[in-house]
Amino acid sequence: MCSFWGLLRAYWTSERWVEAWTLTIAIALLTAAASKASVWMAMASGELINSLVDIHDPFVVNPLNVILANAGILVAIVAVKEIGFIGVRHLLSTTLHRKWRGWLNGRFGEALLDEQHTHYHLQQGSSAEQTPDNIDQRIQESIKGMTGGAIGLAMGVLGVTMSILFVGQKLIELSTPIPGLDFLGDYGSATLAFTAIALYVPVSTWIAMRIGRALEKLTLAMQQSEGSYRSELTTLLRRSFQVAAANGETVQKSLNDKLYRSVDNNWGRFNVFDACYMSFTSIYNFFSARIVAYIPGLLPYMGNTISFKNYITGSELVGSMINECSWFIHVMPAIANLKANARRVTELAQAVERVSQPSEYYRSTGVSEFKFATQHEAFGVSVRGLELMHRDSEAKAFLTLGNMRLRKGQWAYIKGDSGSGKTCLLKAMNGLWGYGRGEIFYPKDAATMYAAQEVKLPGVSLKQLVCLPMDESRFGDSSVAAALHRAGMGDFIENLGEECRDGTSWDQLLSGGQKQKLVLARILLHKPAVLFLDEATGALDPDSKIAFHQAIKDHCAGTTVISVMHEIEAPRSVSGENFYTHILEINGGTAIQRPLLETLVEPDPLPATNFPLIAAE
């Protein structure tokens, strides 16, 4: 799916190939039927016009009935074509569009939201090539535009092919010799018709393609500028409080105006080329229908080798073929849009493919030599030779940790100045920091949890928020309710299965402190073996911070805790005893582990025999 053609054919070779091919074949058959109906319409039009010409012919009995009969036949053919063929084909093509887009959307969703956290790593690149702009727009709009454009293009190509087959066949059947062009034999009029089409359509198509290339570039520029403008508006709504608190509306407006000027400039240039293209197609359609279609049959009609009815029928057929063969001209702006959308989707697919191996991805722009392994649970969590760096193959380490070991049930508090790398250390231990080196060992089969300040997932139920990262079906309502009660969120138990309360989503309803109590409920429900707290109590008052830690101590026995907080001293229990057994202090870019006195719980003693590493990842 990293190339244009690979992206287009993926759905038809997927596990849903039966669905894809069934719809495709049905659309192809209806397209062929619509092309054949065009021949019937041309013949019926000739019959109708001929009956109008013969209205005063004394040999025609009851000419009005003949006219009405021919008109009825033409109307019936039009109804069958437009409703039975074109209408049903439109329904099937839009269904194929919906199914194909849904499948592609699911594939990108799976790729981005995999266990490797691809969605996160994808945004850590150093250039536009590594970090595609406006990923949301590419998934939402570009995939929709690409799939719809590709289906329309395929139907157009098929329509042209069928028209050449059926209409061309009828033109040959009606062909007659032309005086002065006897060397063409019985195919004189058909040869003139095909020559007119072959001269008129390709030259016009070449002109359309020249304008279309400019439209493609401008469409791509418009998509990028529109995506950036929309992204900034979305970000503004998420940080609305910060902008209001800082009286930053003037600066924000200046940024919005700058982004919209880019939208407006690209839009203005696009409109110029679009207007030129519209004028070109209007003139082209006029000459096609009024002049070019009637020229080929004029000579044989003037030479009295064909009747007026056959002249009109032949002209209708030529006009129909020109219209079908001109499909590329009519949809050149759509083709330009298709190419622009396909380019943005393939760029995203290529970027996702690069990130599928995070270590290799980061090694392309810096040092990434982390090793993750497991060891016997008695040894807990260990770190050796850890160096954290920024993006640069020659970057120096901004944080080093020579050795750290926390046995089962021990707690470590990371202390350091703001910007010293405390959170970066937690990210690295969780595989979320790309640059550096070192060895990180976890207990075998240990469940870990990274608890940040809050859970930002609007539009899901309260139970789902507590059960993260597992599915809510894994836990009964009673156990989730118990976790909420222990976390001090008992007032919300009655809304456990709801996505909102009083019409407001949990993301907007809960205060900062309540969101952190919700994080505590997750911890108490899952009881992880290793817990990382990244400023998870920053919005709580001192008493609530103590209660937060005490709940973990009481209900998560044996959990190893590694925590980052802004407090100078780690919180203690109500009785004054330390929750934490160790401190990991960062000073001058070096982290050193040392024990804290008056620890509350002594860990289990290590076994006499050293255990080897279990597995490396």
Side-chain angles (χ1 to χ4, degrees), residues 1-24 95-125 129-151 223 227 231 234 341-362 364 372 427 430-432 434 447-450 452 455-461 463-465 467-475 499 507 522 526 617:
M1 290 175 55
C2 293
S3 66
F4 175 73
W5 292 111
L7 194 65
L8 291 186
R9 66 172 176 262
Y11 177 52
W12 280 261
T13 58
S14 70
E15 72 285 352
R16 291 168 61 178
W17 65 272
V18 174
E19 171 188 88
W21 282 107
T22 299
L23 289 169
T24 302
T95 300
L96 178 61
H97 184 193
R98 179 170 56 85
K99 299 287 187 180
W100 185 15
R101 180 197 176 189
W103 181 82
L104 272 178
N105 187 76
R107 290 294 301 273
F108 274 98
E110 291 173 2
L112 290 171
L113 300 172
D114 60 358
E115 294 181 353
Q116 298 283 352
H117 311 300
T118 295
H119 64 94
Y120 170 80
H121 297 298
L122 190 62
Q123 301 176 74
Q124 308 305 310
E129 179 183 358
Q130 289 186 312
T131 307
D133 64 275
N134 305 308
I135 295 175
D136 58 335
Q137 183 202 42
R138 292 173 188 258
I139 293 177
Q140 179 187 2
E141 297 179 7
S142 296
I143 288 180
K144 181 181 180 181
M146 184 201 71
T147 50
I151 292 172
Q223 289 180 343
S231 177
T234 302
N341 282 318
R343 179 177 174 182
R344 289 178 68 76
V345 177
T346 52
E347 286 175 351
L348 177 59
Q350 291 165 2
V352 170
E353 180 68 20
R354 286 194 299 270
V355 182
S356 61
Q357 298 295 329
S359 297
E360 296 180 8
Y361 174 67
Y362 288 114
S364 65
F372 289 86
K427 290 181 177 180
N430 284 272
L432 298 176
T448 65
M449 178 179 290
Y450 191 122
V455 180
K456 296 182 178 180
L457 279 176
V460 297
S461 70
K463 183 178 179 180
Q464 286 176 300
L465 288 174
C467 293
L468 285 171
M470 296 184 181
D471 188 84
E472 60 180 322
S473 61
R474 299 280 298 273
F475 301 94
E499 296 181 1
D507 190 57
R522 290 181 59 217
H526 290 280
E617 297 177 356

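One is the number of the first residue; the rest follow in order along the sequence.
Closest approach of C467 and F475 over heavy atoms only: SG-CD1, 3.7 Å. M449 approaches R522 most closely through the heavy-atom pair CE-O, 3.9 Å. Nearest approach of E347 to R138, heavy atoms of both residues: OE1-NH1, 3.0 Å. Residues A111 and V352 come closest through the heavy atom pair CB-CG1, 3.6 Å. Of all non-hydrogen atoms in R344 and Q223, the two that sit nearest each other are CD-OE1, 2.9 Å. Residues Y361 and R354 approach most closely at CB-O, 3.6 Å, considering heavy atoms.
Distance check, rounded to the nearest 0.5 Å: OG1 of T147 to CZ of R98 gives 12.0 Å. Rounding to the nearest 0.5 Å gives a distance of 13.0 Å between CG of L23 and NE2 of H97. How far CD of E499 is from CG of D507: 12.5 Å, rounded to the nearest 0.5 Å. The structure places CD of Q464 at 10.0 Å from OG of S473, a figure rounded to the nearest 0.5 Å.
No side-chain heavy atom of I135 sits under 4.5 Å from any side-chain heavy atom of F108. Residues M146 and R343 fail the side-chain proximity criterion, which asks for heavy atoms closer than 4.5 Å. Looking at heavy atoms from C-beta onward, W100 lies in side-chain contact with L8 at the 4.5 angstrom threshold. Residues I139 and L112 form a side-chain contact, since some pair of their non-hydrogen atoms from C-beta on lies under 4.5 Å apart.
Partners of E15 according to the side chain to side chain donor-acceptor pair (under 3.5 Å) rule, which considers only residues two or more places apart in sequence or in another chain, are W103. Checked against side chain to side chain donor-acceptor pair (under 3.5 Å), R101 has no partners two or more places apart in sequence or in another chain. Not counting sequence neighbours, the partners of W12 by the side chain to side chain donor-acceptor pair (under 3.5 Å) test are T24.
A donor-acceptor contact shorter than 3.5 Å is absent between the side chain of Y450 and the backbone of N430. Formation of a donor-acceptor pair under 3.5 Å by the H526 side chain with backbone atoms of L468 is found in this model.
Using the six-membered ring where Trp is involved, H121 and H117 have ring planes that are tilted, between 30° and 60° apart.
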Kindly indicate, with the supporting measurements, whether the criterion side-chain contact (heavy atoms from CB on, under 4.5 Å) is fulfilled by L348 and I143. CA-CA 10 Å; L348 177 59; I143 288 180; 5.8 Å; no
